[in-house]
Every structure is written in structure tokens, then in C-alpha cells.
Amino acid sequence: MISVNNVSLRFGKKALFEDVNIKFTEGNCYGLIGANGAGKSTFLRILDGEQEPTTGTVTITPGQRLSILKQDHFQYDDYTVMDTVILGNPHLYDIMKEKDAIYMKEDFSDEDGIRASELEAEFAEMDGWNAESDAATLLNGLGVDTEYHYATMRDLPSPIKVKVLLAQALFGNPDILLLDEPTNNLDLDAIAWLEEFLINFENTVITVSHDRYFLNKVCTNIADIDYGKIQLYAGNYDFWVESSELMVRQMKEANKKKEEKIKELQEFISRFSANASKSRQATSRKRALEKIQLDEIRPSSRKYPYIDFRPNRPIGNEVLTVDGISKTIDGVKILDNVSFIVGREDKIAFVGGNEFAKTTLFQIIMGELEPDEGSYKWGVTTSQSYFPKDNSKIFDTDLTIAEWLTQYSEIKDATYVRGFLGRMLFPGEDGVKKMRVLSGGERVRVLFSRMMIEGSNVLILDEPTDHLDMEGITSLNNGLIKFPGVLLFASRDHQIVQTTANRIIEFLPDGTFIDKVTTYDEYLENDEMARKRSVYTVVKDDD
């Protein structure tokens with residue numbers, strides 16, 4: 001168990017949270033949620049002991065081991081993958097290395113023998129003989145192929161490093177597990193494996209995540225950071241949404257009744273305070289009026305952008321034909337004879353661990369990359385808006401947000417563009433921010449702004465939820481559900497794929513694909529191959 005007692009954190013006059021008192025108990029998974037900047041990651045660092053609170057203490061049950069998902073992708077560059085995972089239990093790793101060093105000695109003394117015997121006993125007690133097989137099981141489950149298990153960390157592509165560090169956090173059955181955005185950069189198959197792991201995990205888990213489906217699957221409780229407090233709710237994310245909305249409605253209804261009562265008392269006092277026969281009753285009502293206190297309903301720190309994609313014109317029957325497209329990059333077959341026809345009602349999710357195949361296909365159909373073989377053809381009534389996975393070149397400009405966005409607007413009016421940006425959480429002077437200084441989340445909202453202003457009837461989105469907070473993801477999800485045009489998209493967000501797509505195209509490791517008209521959940525449930533298939537190897541690091 002981990003107990004938080006009267007914890008506050010202040011930076012100058014600003015308080016992230018104050019007087020937090022929570023107990024995180026065994027057998028529960030807690031989802032830590034809140035707006036960007038609310039202090040979620042900071043709170044995890046306080047629990048880990050890396051960040052000192054301004055006031056209060058954090059207590060862990062004596063003898064329990066805490067493990068945290070590391071965010072430094074270069075910390076273990078000199079270690080092998082296997083050693084990096086086992087380092088998730090540092091004491092076991094130290095025993096293993098000390099034991100190996102003793103056995104490698106040429107002048108093996110009696111003292112060495114005694115020490116080796118002590119180490120062997122402790123090693124066996126910690127189930128050390130199964131350490132490598134346990135580590136391999138975690139790596140395989142997350143989709144890290146056996147060929148990588150003894151490679152050096154610095155030689156791995158970034159997506160594989162992310163999985164190794166996650167395996168490290170999970171290794172050795174820690175008593176308390178802290179996970180900060182564990183689904184970031186994981187494909188949907190790896191996320192599904194992690195969900196099952198955490199569902200079956202019997203100790204304490206505290207996780208920060210923007211993935212609503214993930215939180216619904218694994219969480220037994222939600223810890224919400226808002227209003228400078230951390231409020232604990234029983235149940236998963238959806239239950240928190242219902243509970244928090246109900247609480248606000250109840251407070252508003254209670255306030256309305258109190259306001260009606262205040263008005264009634266004030267009218268009585270006003271009418272009869274000068275009346276001698278009624279003065280006692282008026283005085284009594286004055287005392288009753290003073291006791292009525294309205295509930296304080298403070299504005300939430302959460303802000304939702306307004307995302308609404310409206311096509312300027314309807315789409316015809318001919319949308320897109322892809323005919324026999326193949327592409328090899330750096331000697332690796334990325335796409336192999338890919339052919340499909342897109343209909344006017346299609347909302348197609350491109351899934352599977354071969355993320356480079358999806359990005360390559362999108363780049364080809366948007367004219368950014370030439371195929372080695374095959375062709376594609378857009379229908380004459382189509383207009384396309386593209387959200388690229390790598391958008392760094394777009395923001396390499398000295399233009400302001402408003403200047404850049406005006407280029408894509410038929411209405412070249414600064415007030416119109418500024419009003420549009422305000423709905424996307426760029427109020428007032430934010431519109432004169434330079435494009436190159438924007439954060440990841442701001443860049444995403446700017447690209448959505450362009451897509452909305454363009455009014456296209458075909459949207460192509462490559463991992464649009466990267467860098468978005470929960471509120472942005474929810475708004476995007478609602479916007480995509482309402483969009484009446486054609487969608488071609490890749491996303492790691494299970495809920496977006498399930499609620500938006502009516503057709504699934506899954507790319508396989510060899511560049512071929514499976515194409516089915518179905519929802520994502522039905523696809524996973526009914527496709528035997530999809531159920532049994534392991535996570536695919538990342539072909540190329542495209543960071």
C-alpha cells in the first residue's frame with residue numbers, strides 16, 4: 001500500500017494541488033487523470049520520491065518494492081535488452097552480476113565460496129533462475145522479437161526501446177507499479193497485451209494515460225486532479241465521467257433551490273420587517289437567510305477544443321482506387337501489391353504493428369512519395385486534407401499561427417481566422433504565436449484547424465492523437481463520428497477506431513494486408529488470425 005498524507009505542491013504562489021490524502025491499496029488499478037499542466041506526472045514523481053512535496057509525506061508499506069516506467073530512452077544505452085529488463089529489479093540484478101563476477105575469478109577463495117553460496121540462496125529465493133525467461137515473456141508479449149533480446153539498447157529503434165522500458169517496469173512482480181503514459185507509441189496489439197497483463201496484475205497500479213479505452217479496461221478507480229485537489233472515484237473512466245457530471249448537476253440543482261429559498265425569505269423580510277406584528281417572524285427569517293450557503297462550483301481546468309469537420313461539397317461515388325502499389329525502402333518491402341477501392345460511405349482504419357506501411361501508403365496517395373509499382377486515382381469530386389505523422393517541416397516557418405492558417409481560408413479576414421482559432425483554444429494574442437515555437441499539442445490543434453478550414457470531403461489522418469490531451473482526444477473522436485465524408489486513418493486509440501471505422505485494413509509484416517468491412521471489435525473477435533497473431537516488428541524507426 002502507498003499512503004499520501006497532507007501532500008501539497010506549490011511553485012511560488014501557484015499550487016498544483018493541496019492537502020492530498022489518499023491511500024492506494026493492493027489489488028486496485030488507479031487511473032490518474034487531469035488537464036495538461038494539472039500535475040499528473042509530477043504527482044507520480046512525488047510517489048516515486050524523485051520530487052519533494054512542499055508539505056506532507058508519502059509512505060510505502062515496509063518491504064514493498066516500487067517500480068516506475070522510465071522516460072529516459074538513453075539511460076540504458078550501454079546495456080543489453082535483457083539486462084535492461086532485469087534491472088527493473090535492481091537488487092536481483094546486483095546479485096546476478098556479483099555472483100557471475102565471483103565465478104569468473106581465477107583465484108577462487110574460501111571466502112568467495114561462502115559469499116557465492118549466500119548469493120545463490122538469495123538468488124533462488126528471488127526466483128532468479130527464471131529471470132531471463134520471465135523477461136523474455138514480457139518482451140515477446142509486447143512484440144519485441146527474440147532477435148532483439150540480447151542486442152544493445154543504443155542499437156534499437158525508438159519504438160522498440162519504449163517497449164523494453166515498459167517490460168523493465170513490469171518485471172519481477174513489483175508491489176507498486178507507476179506508469180506514466182504506458183500506451184504512448186505502442187501499437188494496438190501491444191496495448192491489448194498490456195491491458196490483459198494489468199487486469200491480471202494483483203498488486204497496486206497507478207497509471208497516467210490519455211487512452212480512454214485503456215482506462216476503462218484496466219482501472220478500478222479514478223484519481224482526478226482538478227480544482228487544486230485530487231478526488232478519488234470508484235470505477236473506471238466512463239463511471240468517473242458520469243459521476244463527476246452528476247455531482248455538478250446535483251450541486252447546480254441544490255443551488256437553484258437555495259436561491260429560490262433566498263428569494264422567498266428576502267421578499268418576506270422586505271414586506272414585513274416594518275410590521276410590528278410580523279417583526280419576530282421577519283427576524284427569524286433573517287437568521288435562516290444568513291445560514292444558507294450556496295455550494296461553490298469552480299470552473300474546471302479542463303478545456304475542450306471545438307472540432308467539427310464540415311465538407312464544402314458532397315462526394316461522388318468514385319473516391320479512390322489503389323491498384324497494385326508496392327514500395328521497397330532501404331531493401332525492406334514495405335508495401336506488396338496493395339489494391340483496394342474506397343467507397344463514399346467508407347471510414348477505414350489502417351491497423352497492425354507495421355506502422356511504417358501505413359505512413360508510406362498515406363504519403364503515396366497524397367503525392368509525397370512515388371510507388372515502385374502500381375498506381376492510385378482520386379475521384380473528380382474528392383478533396384483531401386492530410387494530417388501527417390511527421391509534421392516538423394510544416395512548422396519550420398516564421399509565420400504566426402493566424403498568418404499561416406489564413407493561407408488555407410477562402411475568407412481572408414483576420415477576425416474570422418482569429419475567431420476560428422479561439423474555438424481551438426488559441427484565444428486573443430495566441431494567434432500571433434510563431435509556428436516554430438508551438439508545443440506538440442498546439443501543433444496538432446493547428447493542423448486540425450487547417451483541415452476544418454479547408455472543408456475537404458476526404459480526411460487522411462496518420463496518428464492524430466499523438467500529443468493530444470484527454471479533452472482534445474474526446475473532441476476529435478466526436479468530430480470524426482459526426483464527419484459525413486470519407487475517412488482514411490491510423491490511430492493507436494482503440495475507442496476512436498471502434499467508434500469511427502466501418503472497415504478495417506490491417507497491414508502484415510511482409511507488406512501484404514487484410515481488408516474487411518467490420519467494426520474493430522468485431523474484427524478482433526471474429527478473425528482467428530487477429531486473435532492469435534503476435535505484435536509485429538517495427539520495420540524502421542521513423543522518429
Side-chain angles (χ1 to χ4, degrees), residues 143 159 183 185-192 211 213 319-327 329 332-343 345-369 371 374 376 378 382 384-391 451 456 458-466 476-477 480-481 483 485-524 527 529-530 533 535-540 542:
T183 62
N185 299 310
L186 291 187
D187 52 75
L188 287 166
D189 293 318
I191 294 172
D211 188 327
Y213 184 88
V319 179
L320 172 66
T321 300
V322 174
D323 185 13
I325 284 182
S326 295
K327 185 68 178 179
I329 298 178
V332 178
K333 195 84 165 183
I334 307 299
L335 300 172
D336 187 11
N337 193 30
V338 174
S339 299
F340 57 89
I341 297 174
V342 179
E345 303 291 333
D346 278 341
K347 308 282 194 293
I348 305 176
F350 293 82
V351 303
N354 193 349
E355 295 187 15
F356 199 54
K358 306 168 209 170
T359 297
T360 301
L361 176 67
F362 291 158
Q363 289 174 329
I364 288 173
I365 64 175
M366 290 307 297
E368 295 185 355
L369 199 62
Y376 66 92
W378 287 103
T382 65
Q384 304 88 35
S385 287
Y386 178 39
F387 182 102
K389 187 173 184 179
D390 180 6
N391 54 47
M451 297 179 84
S456 300
V458 180
L459 304 182
I460 301 98
L461 303 106
D462 193 358
E463 299 297 347
T465 62
D466 287 357
L476 173 64
N477 198 166
L480 293 179
I481 289 171
F483 178 61
V486 169
L487 284 176
L488 309 176
F489 71 100
S491 175
R492 299 185 186 94
D493 190 292
H494 186 119
Q495 190 161 332
I496 283 182
V497 177
Q498 169 58 22
T499 58
T500 304
N502 56 22
R503 180 176 170 187
I504 303 295
I505 293 181
E506 178 180 10
F507 282 113
L508 306 181
D510 60 1
T512 59
F513 67 101
I514 298 170
D515 184 355
K516 289 195 174 182
V517 177
T518 179
T519 66
Y520 186 58
D521 283 350
E522 289 170 346
Y523 178 75
L524 293 177
D527 185 348
M529 289 180 64
R533 196 158 39 244
V535 183
Y536 307 120
T537 305
V538 174
V539 176
K540 182 180 176 67
D542 56 356

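Just so you know, these numbers come straight off a predicted model, no measurement behind them.
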Looking at residues at least two apart in the chain, or sitting in another chain, which of them share a side-chain hydrogen bond (donor to acceptor under 3.5 Å, both in side chains) with [X]?
X: Asp515; value: Arg503
X: Asp462; value: Thr359
X: Thr519; value: Glu522

Test log, rule side chain to side chain contact (heavy atoms under 4.5 Å, CB included), inputs Thr465 and Gln495
CA-CA 11 Å; Thr465 62; Gln495 190 161 332; over 6 Å; no
Do [X] and [Y] come close enough that some side-chain heavy atom pair is under 4.5 Å?
X: Ser326; Y: Asp336; result: yes
X: Leu320; Y: Asp346; result: no
X: Gln384; Y: Ile460; result: yes
X: Phe507; Y: Val338; result: yes
X: Phe387; Y: Leu459; result: no
X: Leu476; Y: Pro464; result: yes
X: Asn185; Y: Arg492; result: yes
X: Ser491; Y: Val497; result: yes

From [atom1] ([X]) to [atom2] ([Y]), nearest 0.5 Å:
X: Thr183; Y: Ile191; atom1: OG1; atom2: CD1; value: 5.0 Å
X: Leu361; Y: Ile505; atom1: CG; atom2: CD1; value: 8.0 Å
X: Lys389; Y: Phe356; atom1: NZ; atom2: CZ; value: 9.5 Å
X: Leu487; Y: Thr500; atom1: CG; atom2: OG1; value: 7.0 Å
X: Ile364; Y: Lys327; atom1: CD1; atom2: NZ; value: 6.0 Å
X: Tyr523; Y: Asp521; atom1: OH; atom2: CG; value: 13.0 Å

Under the 3.5 angstrom rule, does the side chain of [X] hit a backbone N or O of [Y] as a donor-acceptor pair?
X: Lys358; Y: Gly352; value: yes
X: Lys347; Y: Gly485; value: yes
X: Asn502; Y: Glu345; value: yes

Donor-acceptor pair between Asp510 and Thr512 side chains, under 3.5 angstrom
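The answer is yes; a qualifying pair exists.
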Shortest non-hydrogen contact from Trp378 to Met366?
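It is CZ2-SD, 4.4 Å.
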Of the options Val486, Thr321, Val458, which is the one that meets Val342 in a side-chain contact (heavy atoms from CB on, under 4.5 Å)?
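By the side-chain contact (heavy atoms from CB on, under 4.5 Å) criterion, Val342 pairs with just one of Val486, Thr321, Val458: Val486.
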In terms of relative ring orientation, are Phe513 and Phe340 parallel, tilted or perpendicular, with 30° and 60° separating the classes?
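Perpendicular, since the angle between the ring planes exceeds 60°.
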Anything under 30° is parallel, anything over 60° is perpendicular, the rest tilted; go ahead and classify Phe362 against Tyr386.
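Answer is perpendicular, since the angle exceeds 60°.
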For Asn391, which residues count as a side-chain contact (heavy atoms from CB on, under 4.5 Å) partner, sequence neighbours excluded?
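Pro388, Ile394, Phe395, Arg443, Leu447.
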With sequence neighbours excluded, what pairs up with Phe489 under the ring pair (Phe, Tyr, Trp, His ring centres under 6.0 Å) test?
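None.
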Among residues at least two apart in sequence or on other chains, which ones pass salt bridge (charged side-chain N to carboxylate O under 4.0 Å, His left out) with Asp493?
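Partners of Asp493 by the salt bridge (charged side-chain N to carboxylate O under 4.0 Å, His left out) criterion, ordered by chain and then number, come out as Arg212.
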For Ile481, does the CD1 atom have more than 12 heavy-atom neighbours from other residues, nucleotides or ligands under 6.0 Å away?
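Enclosed.
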